[in-house]
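So the structure is just underneath, and the comments pick up after that.
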Amino acid sequence: MTTDLRFLIVDDFSTMRRIVRNLLKESGFTDADEAEDGVVALTKLRAGKFDFVVADINMPNMNGFQLLAEIKKDGKLKHLPVLMVTAEARKEDIVAAARAGAAGYIVKPFTKATLEEKVSLILKKMGL
């Protein structure tokens, strides 16, 4: 598994961003940036080079579904895997995320093992 990927962690809660960043770091993924909502995330994604997005669903300004839709309709970004994170395990959200092109879905709170497993699975599907 390649660990030199650049992650963008998108969550309106700074503590959650820090937790995800630390879990990724413990899993060997040390290159990560953060954004507090979809608007900031989209600006960063369009300005820089990222390989993987971990995005919360419930955020102000632009939520995770809106961010996912923007990523998928942008020719330069649509290849990016997006792992959706939410506090609610609603079946309709899981289905909506999959239909919209999300690479995966995890429910808070989650462990390092869960995050690691999802990221590994997504990278394997992508051939990385």
Where do L45 and D74 land on the side chain to side chain contact (heavy atoms under 4.5 Å, CB included) test, with the steps shown first?
-> CA-CA 10 Å; L45 288 167; D74 186 313; over 6 Å; no

Minimum heavy-atom separation for A102 to M84, with atom names?
-> CB-CG, 3.6 Å

Taking all non-hydrogen atoms of both residues into account, name the closest pair between F50 and L80 and its distance.
-> O-CD2, 3.0 Å

Do the side chains of I106 and I19 join up, straight or via other hydrophobic residues, at under 4.5 Å, putting them in one cluster?
-> yes

Distance (rounded to the nearest 0.5 Å) between R18 CZ and I9 CD1 | 11.5 Å

Looking only at non-hydrogen atoms, find the nearest pair between V82 and A55 and report the distance.
-> CG1-CB, 4.4 Å

First locate atom CG of L8, then atom CG of D51, and finally report the distance between them rounded to the nearest 0.5 Å.
-> 11.0 Å

Walk me through it: do F110 and V20 pass the test side chain to side chain contact (heavy atoms under 4.5 Å, CB included)?
-> CA-CA 10 Å; F110 52 85; V20 172; 3.9 Å; yes

Just wondering, do V119 and L5 contact through their side chains at under 4.5 Å, heavy atoms?
-> no

With no hydrogens and no angle check, is any side-chain donor or acceptor of K78 less than 3.5 Å from a backbone partner on K73?
-> no

same_hphob_cluster(L128, L24) at 4.5 Å side-chain heavy-atom cutoff = yes

Going through the checks in order, is the side chain to side chain contact (heavy atoms under 4.5 Å, CB included) test met by F7 and R21?
-> CA-CA 9 Å; F7 282 75; R21 182 188 279 248; over 6 Å; no

How long is the span from the CG atom in L68 to the CG atom in L83, to the nearest 0.5 Å?
-> 11.0 Å

Heavy-atom distance under 4.5 Å between the side chains of N63 and Q66, does that happen here?
-> yes

Is the backbone of I71 close enough, under 3.5 Å, to the side chain of K76 for a donor and an acceptor to pair up by distance?
-> no

Hey, could you give me the CZ/CE distance between F52 and M126, rounded to the nearest 0.5 Å?
-> 7.5 Å

Among T86, V85, V95, which residue meets the side chain to side chain contact (heavy atoms under 4.5 Å, CB included) test with Y105?
-> T86

Report yes or no: do V54 and V107 belong to one cluster of Ile/Leu/Val/Met/Phe/Trp/Tyr joined by side chain heavy-atom distances under 4.5 Å?
-> no

What one should report as the nearest heavy-atom pair of A41 and L67 is CB-CD2, 3.9 Å

Hphob cluster co-occupancy, L121 + L115, side-chain heavy atoms under 4.5 angstrom = no

Under the side chain to side chain contact (heavy atoms under 4.5 Å, CB included) rule, what do L42 and M62 come out as? Steps first, then yes or no, please.
-> CA-CA 10 Å; L42 210 50; M62 181 189 288; 4.0 Å; yes

CD on E34 to CG on D11, rounded to 0.5 Å | 9.5 Å

Report yes if the side chains of T43 and V40 come closer than 4.5 Å at any heavy-atom pair, otherwise no.
-> no

Check S27 against K112 and note the closest heavy-atom contact, atom names and distance.
-> OG-CE, 3.7 Å

Distance-minimising heavy-atom pair for K44 and A35 | CD-CB, 4.5 Å

Inter-residue atom distance E36.CD - M59.CE, 0.5 Å rounding | 10.0 Å

